[in-house]
There are 2 protein chains.
Amino acid sequence: MYVHIFVASFGKSTPPIMKIEDEIKQPTFKDEYQKAHINLIYTTGWIQLRQAAAFREFDVTLPQYNILRILRGQHPKPATVNLLIERMLDKTSNASRIVDKLVAKNYATRTVCPSNRRAVDIHITEAGLELLHNMESVVSHQNTGLHNLTPEEAAQLSDLLDKIRD
Amino acid sequence: MYVHIFVASFGKSTPPIMKIEDEIKQPTFKDEYQKAHINLIYTTGWIQLRQAAAFREFDVTLPQYNILRILRGQHPKPATVNLLIERMLDKTSNASRIVDKLVAKNYATRTVCPSNRRAVDIHITEAGLELLHNMESVVSHQNTGLHNLTPEEAAQLSDLLDKIRD
DNA sequence: TACAAATATATGTACATACATTTAATGTTG
DNA sequence: CAACATTAAATGTATGTACATATATTTGTA
């Protein structure tokens, strides 16, 4: 339900490809750089809104989900806040407070690390593992639009993005 | 100063291109789709942090700057909140409260629209115009990484992104 | 004209981002 | 070993996002 509202607000897809200049009402751009820049930000927002909508029925946000996946990757070993930050896409976000939310929902536990009492050991719980399992089918079938590309095009996209950060 | 900390946290660029699998410590991906997906989110975050850092010295955030530019585009005609939402990249964000901040900083004024008292007329102030003018050189010289691409590659990137949203 | 629907904006809430600062524990070194 | 630096995490603050809901005004219509 939310999904449809959102997608509509981003401009509904119609048979011919919706170019960025049609999506936002800006007919021209200074150059291809400005156009690609705006398109990047717009398209990434578009993808993230769809993802967040898919997660809403599970009452988990995208950052919470991402941290749960890292915790599962470590399981049964513990993670620390530092390890989470290292592995997170957005390294400036606040892992500590996202873990708070997961602990409150009983998807993770937090205990003082015995060998280094400054650090905390964070474990995913059975409930957390079960949640990820239940989300699996929804998440894998969620169409983030990437599959509109061929594998070759996806690889090309990655190469272009790597160049940007060079 | 902030810039350097940030850029370093995202992985400092070194002569050979830093691929996404090196940036976040994940050696392999399920497929090219997952890789491109993560790369998109990571790279867009990378770009936006650089932009935000460049704006910080002017004490304006990215959304505030974007709205100021729309206001200048309308000047001397007024904008309404609705018009701002239409033109904004992130259409679900809260234009009303961003305008609050601009009014508080004296970069914009807000008056009840005489012909439709539900709406508000929002104008950029002289101080707002001057701010944009002062930011111009910094913003245009800020390297968002897009210029690491050729114009052809930038156009190719836009095409791939358009396909994703199709 | 009264009353419902639509419109334009504002406000409330939970969550997250982007920092700076604080607290506690551990390492280092003179 | 005491003093200082470093490290790990938590907390504080301002901002913004993503909604749901509220308020005021205008429009449409029975």
Side-chain angles (χ1 to χ4, degrees), chain A residues 1-3 5-7 9-10 41 44-46 48-53 55-56 59-67 78-86 88-105 110-122, chain B residues 1-6 9-10 41 44-46 48-57 59-67 78-86 88-105 110-122:
Chain A
M1 203 202 305
Y2 287 158
V3 182
I5 294 166
F6 274 140
V7 172
S9 91
F10 258 111
I41 289 168
T44 302
W46 184 92
Q48 302 216 67
L49 270 184
R50 296 186 140 214
Q51 280 208 283
F55 287 174
R56 201 162 298 128
D59 198 33
V60 182
T61 63
L62 208 58
Q64 288 168 20
Y65 172 80
N66 286 331
I67 284 196
T80 62
V81 169
N82 256 351
L83 181 144
L84 294 177
I85 291 170
E86 253 179 43
M88 280 170 73
L89 288 187
D90 186 343
K91 301 202 196 304
T92 68
S93 86
N94 200 322
S96 184
R97 272 182 280 224
I98 296 173
V99 171
D100 284 350
K101 304 294 161 62
L102 293 175
V103 171
K105 290 174 188 168
R110 175 159 42 186
T111 52
V112 173
C113 172
S115 65
N116 179 352
R117 285 172 31 223
R118 284 172 300 188
V120 291
D121 282 346
I122 304 160
Chain B
M1 205 203 301
Y2 288 157
V3 183
H4 285 115
I5 293 166
F6 275 139
S9 89
F10 260 112
I41 289 168
T44 302
W46 184 92
Q48 302 216 65
L49 270 184
R50 297 185 140 215
Q51 281 208 282
F55 287 173
R56 200 162 300 129
E57 67 172 294
D59 198 32
V60 182
T61 64
L62 207 57
Q64 288 169 18
Y65 172 81
N66 286 330
I67 284 196
T80 61
V81 170
N82 253 353
L83 182 143
L84 295 177
I85 291 171
E86 252 179 44
M88 282 170 72
L89 288 187
D90 185 343
K91 302 202 196 304
T92 67
S93 85
N94 202 325
S96 186
R97 271 182 280 224
I98 297 172
V99 171
D100 284 351
K101 304 294 159 60
L102 293 175
V103 170
K105 289 173 187 169
R110 176 158 43 186
T111 52
V112 173
C113 172
S115 64
N116 179 352
R117 286 171 30 222
R118 284 172 302 188
V120 291
D121 282 345
I122 304 159

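Chain A is the first sequence line, chain B the second, and so forth, proteins listed ahead of strands; every chain is numbered from 1.
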Which one, [options], comes nearest to the side chain of [X]?
X         : options                   : answer
Asn94(A)  : dG12(D), dT11(C), dA10(C) : dG12(D)
Ser96(B)  : dG12(C), dA10(C), dT17(D) : dA10(C)
Arg97(A)  : dA18(C), dT11(C), dT9(C)  : dA18(C)
Thr92(A)  : dA18(C), dA8(C), dA8(D)   : dA18(C)
Val120(A) : dT17(C), dC15(C), dA9(D)  : dA9(D)
Pro63(B)  : dA10(C), dT17(D), dA10(D) : dT17(D)
Gln64(A)  : dA9(D), dA18(C), dC15(C)  : dC15(C)
Ser93(A)  : dT15(D), dT17(C), dA16(C) : dT17(C)
Arg117(A) : dA9(D), dA25(C), dA8(C)   : dA25(C)
Leu49(A)  : dT15(D), dA18(D), dA16(C) : dA18(D)

Could you grab the distance from atom [atom1] of [X] to atom [atom2] of [Y], nearest 0.5 Å is fine?
X         : Y         : atom1 : atom2 : answer
Asp90(A)  : Gln48(B)  : CG    : CD    : 10.0 Å
Asp59(A)  : Lys101(A) : CG    : NZ    : 11.5 Å
Asn82(A)  : Ser96(A)  : CG    : OG    : 11.0 Å
Ile67(A)  : Ile98(A)  : CD1   : CD1   : 4.5 Å
Asn116(A) : Asp121(A) : CG    : CG    : 9.5 Å
Lys91(A)  : Leu49(B)  : NZ    : CG    : 11.5 Å

Of Leu83(B) and Ile98(A), the one whose nearest nucleotide on DNA chain C sits closer to the 5' end is Leu83(B)
Rounding to a whole Å, what distance do you find between [X]:[atom1] and [N]:[atom2]?
X         : N       : atom1 : atom2 : result
Leu102(B) : dG16(D) : CG    : P     : 8 Å
Ile41(A)  : dT17(C) : CD1   : P     : 17 Å
Ile67(A)  : dA16(C) : CD1   : C1'   : 11 Å
Arg56(B)  : dA14(D) : CZ    : C1'   : 12 Å
Asp59(A)  : dA18(D) : CG    : P     : 17 Å
Gln48(B)  : dT17(D) : CD    : P     : 10 Å
Leu89(A)  : dT17(C) : CG    : P     : 11 Å
Trp46(B)  : dA18(C) : CH2   : C1'   : 18 Å

Taking for Ser115(B) and for Asp100(A) the nucleotide of DNA chain D with the nearest heavy atom, the one nearer the 5' end belongs to Asp100(A)
Give each protein N/O atom lying under 3.5 Å from an N/O atom of nucleotides 5-7 of chain D, with the pair distance.
from	atom 1	to	atom 2	distance (Å)
dT7(D)	O2	Arg118(A)	NH1	3.1

I want to check one thing: is the phosphate of dG16(D), taken as OP1 and OP2, less than 4.0 Å away from some side-chain N or O of Lys101(B)?
yes
Pick base, sugar-phosphate or nothing for Asn116(B), based on heavy-atom distances below 4.0 Å to the nucleic acid.
sugar-phosphate
What is the nucleic acid contact for Leu62(A), judged by heavy atoms within less than 4.0 Å: base, sugar-phosphate only, or nothing?
nothing
For Arg97(B), give me all partners under salt bridge (charged side-chain N to carboxylate O under 4.0 Å, His left out), at least two apart in sequence or on another chain.
none
Less than 4.5 Å apart, side chain to side chain, heavy atoms only: is that true for Asp100(B) and Arg110(B)?
yes
